[in-house]
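Side chains are part of it too, since the values below use all heavy atoms of this structure and drop only hydrogens, waters and symmetry mates. Chain identifiers are assigned alphabetically (A, B, ...) following the order of the sequence lines, protein sequences preceding nucleic acid strands; residue numbering begins at 1 within each chain. Nothing here was measured: the structure is a model prediction, and the numbers come from that model.
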Amino acid sequence: MGAYVARRLFFSIFVLWGAVSVIFLVLRLVPGDPALILLGPDANPSQIAALRERMGLDEPMLVQYAIYMRDVVQLDFGTSFRFGTDAMQHVLDHVPNSAQLALTSVGLALVIGFPLGIIAALKANSVVDRIISVFSLATQSLPNFWVGIVFILVFARGLQILPSYGQGTWQHLVLPSITLALPFLAILVRLTRSGLLEVIHEGYVQTARAKGLRERVVIFPHALRNALIPVVTVIGLQFGALLGGAVIVETVFAWPGVGRVLIESISHRDYGVVQAAILLIAAIFVFTNLVVDLLYGYLDPRVRLAG
Amino acid sequence: MSDVVSDLTRPTAPATPPPRKTGGKRPGSGRIRFSATVVSIYVFAALFGPWLVRYDAVATSTPDRLLPPGSRLSDGSLAIFGTDDVGRDLLAQILQGARISIAVGVATLLLAGIIGVTIGVSAGYFGGWLDGVLMRLADIQLTFPSILLAIFIAALLGPSVVNVVIVLAISNWVTFARVARAQVLSTKGRDFVDATRTLGARTWHLIRRCILPACIAPILVVATVEIGSVILAEASLSFLGLGTPTSTPSWGVTISNGRNYLSDAWWISTIPGIALAVLVVSFGILGDALRDRFDPKLKNL
């Protein structure tokens, strides 16, 4: 197990290094002076000269890369030219808000998605199953920025029972978290259903039935545990889509999270903050996948032996 | 990591055959017919709609501002879907938007397909260290949320139709590469390939005449599955102000414009959203049905 954890950890660090390098490369491939791009159009010449010197733009590319990596390792993304504060700190200040939204959404999706998926699998090809699968196909394909707008129209403008934007009470959390949860929920339903259907005819499930166990015991501890294995992986992979979706949902509902900071910084060309936000989201995503991989090894011991 | 994952998600025991649907001789006939019809209507509307209902990007008509669906305009014509904040007909905007969405979707898939197939075929055919490097690259990109990459690149490049295509192609090539590679691996050991090689065919000839034709069917299926999400991604980027420029009437831009008028004019944001959702759902159904019929094993890629 120790070697398995070490290998996964190594791969995660490797991916993060890849992300940092891509950001470095893209910044230099795009036409224009990286120092000017990072500081934005309002920077004065002395600031630009200072950053050029710190970034070592007159040095060879490899030296520049080394300097860049050194700063990134120290979580130094420069200062936000809009606020004059540390760029990473500015992003970190908004993490609790994003975490609140993301965790509520994941919770909602799990609480609703699993039961719906299990019902759909147990009653496969019935009317209930059809309704659930149409529902999940629709919610997966609906653009979530549009769903958010429709929610605002119906519940905030029409019925006037929920606030349409901002943050504060639990009511503020309702619309954004449901909007963010929907596509995730849909995938969860489809996966739980297909995962359960795949194992339900396997020998060990039939053995459990033949032993005379009650259906509840057959399904929950026996079938579900193996049905969950693919579901767990996809939850990890889908977490990235959730973080991307959060950027959009936070914009629609003016939710003061990392996603909104990202979009605002882009429109103000505050690229230090943009880099910090992207790397932070990437790091959270990679870390989540690491946890999922480890969980996976716990759920399915074959992974540890094979990998 | 991908090897482990794909090994496990692939069913180990033979899966029970899916129950046959009624209303079609082969599985999914009904779904294919239905969704293909909807998609054709969209393509038709995108091609010919803007000729029938003229859209003028710079026209403004103050008396026709924010008219609800079904109103008469000041020049006597009927605005089925109403007008926007400067008095432009919403139907004309949506038709123009269909053109942009479908064009961006197709262009993106062409570019992503070319990049992906080139990389996938090289990796699969030549193998060795090239395969290792290219597929690790694909793994890394797969572990990284693609919308974030798109947002970052789009933010630096600035909004334009060409940039959207580049950005989305960069974030979508991996699926094509993996499918092409898998197809190459299963084809290159076949007898007819060996026979052709024995007859003296060069590498280029083998790839072009033996390997690539085997890739076409699965690649087309993948393209159909992907196009819905590409169109959705374009709309999302445009909504955020990072996709098509605000002067183009793409669906994302129109929906974003309508946000400022939610209390007075609900239709500006809602109707283009419905148009977008129906198209994406139809592509989703079509892609799933084609995959189930032609290549069920693609499900895990």
Side-chain angles (χ1 to χ4, degrees), chain A residues 8 11 14-15 18-19 22-23 26-27 30 37 124-125 137-138 140-147 149-150 152-153 157 164 197-198 201-203 229-230 233-234 237 239-241 243-245 247-248 251-252 262-263 266-267 271 274-275 278 281-282 285-286 289 293 296 300 302-303 306-307, chain B residues 1 3-5 7-9 11-13 15-16 19 136-137 139-157 228-229 232 235-236 239-242 251-252 255-256 258-259 262-263 266 269-270 272-274 276-285 288 299-300:
Chain A
R8 283 287 162 268
F11 186 74
F14 188 66
V15 169
V22 165
I23 289 178
V26 171
L27 266 175
V30 169
I37 291 176
N125 299 309
L137 180 72
Q140 198 181 355
S141 320
L142 290 178
N144 55 10
F145 55 94
W146 179 76
V147 171
I149 288 174
V150 172
I152 290 178
L153 271 173
R157 298 291 151 93
S164 60
L197 278 182
E198 241 163 49
H201 297 285
E202 295 220 3
I229 293 173
T233 334
V234 177
L237 285 174
F239 196 71
L243 293 174
V247 175
I248 291 162
T251 307
V252 172
L262 175 64
I263 296 300
I266 288 174
S267 56
Y271 286 110
V274 173
Q275 279 186 80
I278 292 212
I281 300 177
F285 176 67
V286 169
N289 266 300
D293 273 350
Y296 204 83
D300 188 347
R302 282 175 300 178
V303 174
Chain B
M1 123 169 201
D3 300 336
V4 176
V5 169
D7 281 351
L8 284 165
T9 44
T12 41
T16 46
R136 270 333 92 182
L137 198 68
D139 281 350
I140 290 181
Q141 173 145 8
L142 219 55
T143 348
F144 195 77
S146 63
I147 187 90
L148 267 190
L149 187 67
I151 287 176
F152 182 61
I153 301 176
L156 290 169
L157 289 179
S229 63
L232 203 56
S236 305
F239 175 80
L240 291 172
L242 298 168
W251 290 334
I255 294 172
S256 172
R259 283 179 70 205
L262 281 187
S263 19
W266 56 267
S269 282
T270 319
I274 295 174
L276 172 63
V278 170
L279 181 62
V280 173
V281 170
S282 305
F283 270 127
I285 297 174
D288 278 2
K299 208 164 192 166
N300 294 322

Interface moiety of A:V252 toward chain B, non-hydrogen atoms closer than 4.5 Å: both
Say you draw a straight line from CZ of B:F239 to CD1 of A:I263; how long is it, rounded to the nearest 0.5 Å? 10.0 Å
Separation between CD1 of A:I152 and OG of B:S269, rounded to the nearest 0.5 Å: 9.5 Å
Under 3.5 Å, side chain of A:W146 to main-chain N/O of B:T270, donor-acceptor pair present? yes
The criterion is ring-ring contact (aromatic ring centres under 6.0 Å, His included); which residues satisfy it with B:F283, sequence neighbours excluded? none
I need the B:R259 CZ to A:T251 OG1 distance, nearest 0.5 Å. 7.5 Å
Side chain to side chain contact (heavy atoms under 4.5 Å, CB included) filter on B:L232, not counting sequence neighbours, yields A:P143, B:L276, B:V280
Between B:I285, B:I153, B:V278, B:I151, the one whose heavy-atom pairs under 4.5 Å with chain A are most numerous: B:I151
Side chain, backbone, both or neither: which part of B:L137 has a non-hydrogen atom closer than 4.5 Å to chain A? neither
